[in-house]
Protein chains: 2
Amino acid sequence: MNDTNSVVIDLGAVIVAVTDGRPLTLARQGPAIDAAEARSIARGFDIAGDALPSGAFDPTRHRTLELGLRETVSRRIGVNLGYVEQLYTFGDRGRHPREREGGPRVISVGYLALTRETQMPVPESTAWRQWYDYFPWEDWREGRPPMIDRLILPLLKEWIAAPKSPAERARRQDRATICFPEDNGGWDEEIVLERFELLYEAGLAAEAQRDGAATFALDGQAVPPPGTPMMSDHRRILATAMGRLRAKLKYRPVVFELMPESFTLLQLQRTVEAILGSNLHKQNFRRLVENSGLVESTGEIEPQTRGRPAAKFRFRREVLRERLAAGVRISGSR
Amino acid sequence: MNDTNSVVIDLGAVIVAVTDGRPLTLARQGPAIDAAEARSIARGFDIAGDALPSGAFDPTRHRTLELGLRETVSRRIGVNLGYVEQLYTFGDRGRHPREREGGPRVISVGYLALTRETQMPVPESTAWRQWYDYFPWEDWREGRPPMIDRLILPLLKEWIAAPKSPAERARRQDRATICFPEDNGGWDEEIVLERFELLYEAGLAAEAQRDGAATFALDGQAVPPPGTPMMSDHRRILATAMGRLRAKLKYRPVVFELMPESFTLLQLQRTVEAILGSNLHKQNFRRLVENSGLVESTGEIEPQTRGRPAAKFRFRREVLRERLAAGVRISGSR
DNA sequence: CATATTTATGCTCTAATTGAGTATAAATAT
DNA sequence: ATATTTATACTCAATTAGAGCATAAATATG
């Protein structure tokens, strides 16, 4: 281990909130703001993409990576995070603009943070962006997104057919079928990252073109790749966060980190649906939540509703101490 | 981001195999130590304990972290890994010996690899070690390990009572109850890391003493901390691997990476039990596995057994392509 | 050889959970 | 007044989980 092995660590945070059924993440919008990044964009090495809140890990000041992340976010966004969980560490060469400038290798450590939008006054440079702006194929609440059949599958078909080796074609076909099955029943909402990696490799992500892939066309027409791109490998980190949260929801009571102090069961359901990207059976959702022991009635009643007013509930924080609580089990609908 | 932010990455692998119901990990053996020796080593900066196969990430040669890990293991152990999965990235200050000598900050990226012992001729410097040498409280196959009640709970009780603040005492009590419940029903086999972190913080891990904690005594007698210690934060990485594998077993068909080409259902069950550290109901296990579609009969019959000879099965590798297959669901026993 | 022991395998029974409805209640909108 | 909307209660069938009983097919033992 000597100096030639040294790298710098970039700590990135997917800061999640869900407001009125919109799943949100905090992002610095548009073209990168700093000089080095601006130069690389000018040379055509980068595309303008949103960026997750991130900052360098400073080994002299930070005792742990998580503390480093908290400090970075607190300094840059001005908010102290509550629930934080490490996601994944990416170190692929050639995904970071500074690296392409001849700078040191950048290793990205991604984190997931859960908050409430209203609790977080954010600086002007950042804004709450909807998850599904970046991953439009992941939102099935209005049914199967038409872009899957109209755009993604036709282009994947070309990608599958491209290699000479039949074995490689079969591998590509298998991956495509698992990630984007023809029938809705086979859709697995948790493999968000696998799907994005597939699109990236197939050249259907703007980042892949930035990183050197060819542009693509459908019916002879150049098509913009689906979803808003992000800087560096931030869209991978966001995909990891979405997949992790979709999975975790089901076995740990993490949704409540996203809820206000008291809420109706429909508000809770809409939050879960926003994260999962699919709709649930209302009566069964109620049954599961009520029987889980995770919530208790506050006695209040939600005013200002259209139909019958709903009872309000609160999360029983005690369960976190009593036992290792399970999450919100779900049973789908639609 | 400048030079002062640079760190080095240590890639560590938990290489797992299960042979005859013994869950194994590959380790470079540390100096054998008794309790007194442990204390003197702890005062110095030296390595005390076994080490996982590991090596520095070389950003000039390695395109991704995982490729770096594969290359390191292949070079040092002489084996090409199959199934590999990233676990977690630890960056805590003060856990790495070289760092304490004034070297650069070391960030550990841990990986889990699944193999078969017989496939892996290993160099003399390393050996297969049983998981439960490092974590004796995690093996419940012979019932609740007596050390929990004889050693761990009494010492935790002191640790819980120590702080002046009642709130801090309550927090400690809650953590202890979740990690080491009094009644067997509450035991959660997946929170291996949480349990180890608790013991570390309570000073009940030799590594904690190395890192500066006080030694401890039971009934006035100095006691060696439970479990074989490891270098740096390798025992944390191993704990992460155990927890991850115990969880993953249940929702992805990963056990088969540890099985030979053909096997009896009891062999499969023993492997699962070795990983989980608890026993399963034989008939129900058989029912689940047979109905899962994950295996098919080979037509062979296992000779040289005590009782009735068992039919042999093989893993249907096709399922990995057909669909995103679930794991071996389990129903406990004993 | 007869019998105990061991392991494999098939089957049953009950309780709990899941998935999909129907029915009714209590509010607002027209 | 009546339609519409949302909340909430309840039912029913299918599936799954947890536990155990029973029988089969081998070896071990006296």
Side-chain angles (χ1 to χ4, degrees), chain A residues 20-21 141 184-185 187 189 249-251 262-273 276 278-314 325-334, chain B residues 20-21 141 184-185 187 189 249-251 262-273 276 278-314 325-334:
Chain A
D20 301 330
R141 286 175 297 176
N184 296 352
W187 186 262
E189 75 239 343
L249 216 52
K250 294 164 196 159
Y251 63 91
S262 85
F263 47 83
T264 69
L265 292 183
L266 186 59
Q267 283 162 358
L268 183 65
Q269 183 181 341
R270 293 286 179 245
T271 302
V272 171
E273 289 172 339
L276 292 179
S278 65
N279 293 321
L280 305 176
H281 184 285
K282 190 173 180 175
Q283 299 93 318
N284 290 349
F285 181 83
R286 157 177 288 270
R287 177 175 64 186
L288 286 173
V289 173
E290 283 197 297
N291 295 344
S292 69
L294 294 174
V295 300
E296 63 191 359
S297 168
T298 66
E300 303 164 277
I301 276 180
E302 177 77 3
Q304 285 174 310
T305 71
R306 305 245 295 187
R308 172 173 169 177
K312 299 195 85 176
F313 292 81
R314 79 164 67 84
V328 175
R329 280 111 71 232
I330 52 146
S331 45
S333 133
R334 163 182 283 267
Chain B
D20 301 330
R141 285 175 297 176
N184 297 353
W187 186 263
E189 75 239 343
L249 216 52
K250 295 164 197 161
Y251 62 91
S262 85
F263 47 82
T264 69
L265 292 185
L266 186 59
Q267 284 161 358
L268 183 65
Q269 184 182 342
R270 293 285 179 246
T271 302
V272 171
E273 289 173 338
L276 291 180
S278 65
N279 293 319
L280 303 177
H281 184 284
K282 190 173 179 174
Q283 297 93 318
N284 289 349
F285 181 82
R286 156 176 287 272
R287 177 176 64 187
L288 285 173
V289 173
E290 283 198 297
N291 294 344
S292 69
L294 294 174
V295 300
E296 63 193 358
S297 169
T298 66
E300 304 165 275
I301 275 180
E302 177 77 0
Q304 286 174 310
T305 72
R306 307 247 293 185
R308 171 174 170 177
K312 299 194 86 176
F313 293 81
R314 80 164 66 85
V328 175
R329 280 113 69 233
I330 52 145
S331 46
S333 133
R334 165 183 283 268

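Just so it is clear, the structure is predicted and the values come from calculations on it, not from any experiment. A note on names: the letters A, B, ... follow the listed sequences, proteins ahead of strands, and every chain is numbered from 1.
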Using whole Å, report how far [atom1] of [X] lies from [atom2] of [N].
X: A:Leu268; N: D:dA7; atom1: CG; atom2: P; answer: 12 Å
X: B:Asn279; N: D:dG20; atom1: CG; atom2: P; answer: 14 Å
X: B:Arg286; N: C:dC11; atom1: CZ; atom2: P; answer: 12 Å
X: A:Phe285; N: D:dC10; atom1: CZ; atom2: C1'; answer: 19 Å
X: A:Lys250; N: C:dT18; atom1: NZ; atom2: P; answer: 13 Å
X: B:Arg287; N: D:dA17; atom1: CZ; atom2: C1'; answer: 7 Å
X: A:Asn291; N: C:dT18; atom1: CG; atom2: P; answer: 10 Å
X: A:Glu302; N: C:dA26; atom1: CD; atom2: P; answer: 18 Å

- Message: Using 0.5 Å steps for rounding, measure from the CZ atom of A:Arg287 to the NZ atom of A:Lys282.
- Response: 15.5 Å
- Distance col, row B:Leu268:CG vs B:Leu280:CG, nearest 0.5 angstrom, shows 10.0 Å
- Considering just the side-chain nitrogens and oxygens of B:Arg306, establish if one lies under 4.0 Å of OP1 or OP2 belonging to C:dT5.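 No, B:Arg306 has no side-chain N/O under 4.0 Å of OP1/OP2 on C:dT5.
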- Query: Given D:dT6, is OP1 or OP2 found less than 4.0 Å from the side-chain N or O atoms of A:Lys282?
  - Reply: no
- Short question: side chain of B:Arg141, backbone of B:Gly21 - any donor-acceptor pair under 3.5 Å? yes
- For A:Gln267 and A:Thr264, indicate whether the former's side chain and the latter's backbone hold a donor-acceptor pair under 3.5 Å.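 Pair found, side chain donor or acceptor close to backbone of A:Thr264.
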- Task: Please evaluate the base of D:dT11 for a donor-acceptor partner in the side chain of A:Gln283 within a cut-off of under 3.5 Å?
- Result: no
- Where each residue is assigned the nucleotide of DNA chain D containing its nearest heavy atom, which of A:Thr264 and B:Gly307 is assigned the position nearer the 5′ end?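 With A:Thr264 and B:Gly307 compared, the 5'-side residue is A:Thr264.
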- Message: Check this for me: does any side-chain nitrogen of one of B:Glu296 and B:Arg314 sit under 4.0 Å from a carboxylate oxygen of the other?
- Response: yes
- Closest non-hydrogen atoms of A:Leu265 and A:Glu290, given as atom of the first, atom of the second and distance, are CD1-CG, 4.1 Å
- Indicate, with a heavy-atom threshold strictly under 4.0 Å, whether B:Leu265 touches base, sugar-phosphate, or nothing. nothing
- Out of C:dA26, C:dA20, D:dA24, whichever nucleotide has its closest atom nearest the side chain of B:Arg308: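 Side chain of B:Arg308 sits closest to D:dA24.
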- Message: Let's see if you can work this out: which of C:dA20, C:dT18, C:dA26 has an atom nearest to the side-chain heavy atoms of A:Leu288?
- Response: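 Given the options C:dA20, C:dT18, C:dA26, the side chain of A:Leu288 is closest to C:dT18.
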- Message: Going by the rule side-chain hydrogen bond (donor to acceptor under 3.5 Å, both in side chains), which residues pair with A:Thr298 if we only count those two or more places apart in sequence or in a different chain?
- Response: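 Partners of A:Thr298 by the side-chain hydrogen bond (donor to acceptor under 3.5 Å, both in side chains) criterion, ordered by chain and then number, come out as A:Glu300.
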- Compute the angle between the rotation axes at the two ends of the helix from C:dC1-D:dG30 to C:dT30-D:dA1, each taken over five pairs, rounded to 10 degrees. 10°
